[in-house]
Amino acid sequence: MPSAEFPAPETRPLRLREVTIPNRVWMSPMAQYSAGAEGKPTDWHLVHYGARAVGGVGLIMVESTAIGPRHRTTSADLGIWNAEQAAAHRRLTSFIAEHGGVPAVQLIAAGRKGSHQVPWEGGGQNGPVSPADGGWETIGPSAIAFGDLAVPREATRADMDEAVEAFAHAARMAHEAGYDVVEIHASHGYLLHQFLSPLANSRTDEYGGSLENRMRLPLRVARAVREAFPASKPVFVRITATDWADGGISVDEASIFAKELAAVGIDLLDVTSGVLVRDARPPARDGVNVEFAKTLKKASGIAVAPVGEIRDLSLAGDVVAEGHADAVLVGRALLRDPYFALRNRADGRLAWPNQYHRAV
């Protein structure tokens, strides 16, 4: 076990631009589908994210937060497209920062994976909600449906221009809300990933076909967000390394995209894979995206953090110590245990909140 003089790699701070993150164990954005009226955070979100901040997580990435009403996945999604929502998010950012964490938020446009039921009702994420029942029309690069969801309308130039501006506006609202990091969601089958993958994008104009064309909209969004968010604060992109499906994105294509994101000024790649098409999911193995993160770090020259099947701190420490990644993002393990980041820490009892010392 590392001594206090030589702390474990995952407990060391990381500085990105002018933001210092106190350790390398971060919370992955995990949707709660529990927004209040008009997409505002509720007491659930304050307690949920607050517990992880108290639990020693270095960076708390608030769940996928929609850039506009038609860009949501469900009617219960958080939003950050207006000042009232931004003001409501300040409860989260203030509490996270007060307890030593860095508040971050993931920005999303759902595309063809929008307007579905919450996971625990009816057909869940495979259950479409029609406009007549309170849903909305979805868009995508092409009129190709995801699973049982509605066939999206093929996006027009005006739709794409609107999405770019909506991402930029949401980044400005995130700054007003007190977030120190924003992340662009370009994976898991949502709108920007749909444009990137030939499995969802069959366009014949300059937004389809070659990788250069398929990257065009995601790179426009990356530039717009980087320009809209303060230069002192970092911007992340959640990137797909592979679609795990024949004819989809390969790690070679992802490496080219990563280089382009670096040129735009993106500060870190949140590396994941899969979920563009039904049942195309990553294998269930520890650290499934670690090797991909290593590859994309080498290709882009910027910081990376893998997500997926990070279930113990020893793996997190090894990933950072070996230089494969700069941090790790933890999802389900942190849902099961808010104090995951404090387990087996070298500084033991001192790492826990004072109020809990009698229990350690």
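We're numbering straight along the sequence, starting at 1.
- Between Glu206 atom CD and Arg157 atom CZ the span is 3.5 Å, to the nearest 0.5 Å.
- Electrostatic pairing of Asp159 and Arg70 counts as a salt bridge here, judged by a charged N lying under 4.0 Å from a carboxylate O.
- With sequence neighbours excluded, the residues satisfying side-chain hydrogen bond (donor to acceptor under 3.5 Å, both in side chains) with Asp133 are Ser130.
- Here the side chains of Leu269 and Phe236 are not in contact, with every heavy-atom distance at 4.5 Å or above.
- Between His89 and Tyr179, the ring-plane angle classifies as perpendicular under the 30° and 60° cut-offs.
- In this structure, CD1 on Ile184 lies 11.5 Å from CG on Asp270, to the nearest 0.5 angstrom.
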* Show the numbers, then the answer: is there a side chain to side chain donor-acceptor pair (under 3.5 Å) between Thr20 and Arg15? => CA-CA 4 Å; Thr20 298; Arg15 184 176 176 86; 3.2 Å; yes
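- In this structure a side-chain-to-backbone donor-acceptor pair under 3.5 Å is present from Arg226 to Pro230.
- The structure places OH of Tyr49 at 5.5 Å from CE of Met27, a figure rounded to the nearest 0.5 Å.
- Salt bridge status for Lys233 with Asp267: absent, with no side-chain N to carboxylate O gap under 4.0 Å.
- The distance from atom CG of Leu296 to atom CD1 of Ile256, rounded to the nearest 0.5 Å, is 11.5 Å.
- Using modelled atom types and a 3.5 Å distance limit, the side chains of Asn126 and Arg278 yield a donor-acceptor pair.
- Remark: aromatic rings of His99 and Phe95 are close, center separation under 6.0 Å.
- Checking Ile139, Ile144, Leu149 one by one against Arg112, the side-chain contact (heavy atoms from CB on, under 4.5 Å) holds for a single residue, Ile144.
- Taking Asp243 as the reference, His193, Ser197 meet the side-chain hydrogen bond (donor to acceptor under 3.5 Å, both in side chains) condition, with sequence neighbours excluded.
- Ion pairing between a basic and an acidic side chain is recognised when a charged N comes within 4.0 Å of a carboxylate O; Arg24 and Glu10 show no such pairing.
- Note on ring orientation: taking the six-membered ring where Trp is involved, the planes of Trp352 and Tyr356 are tilted (angle from 30° to 60°).
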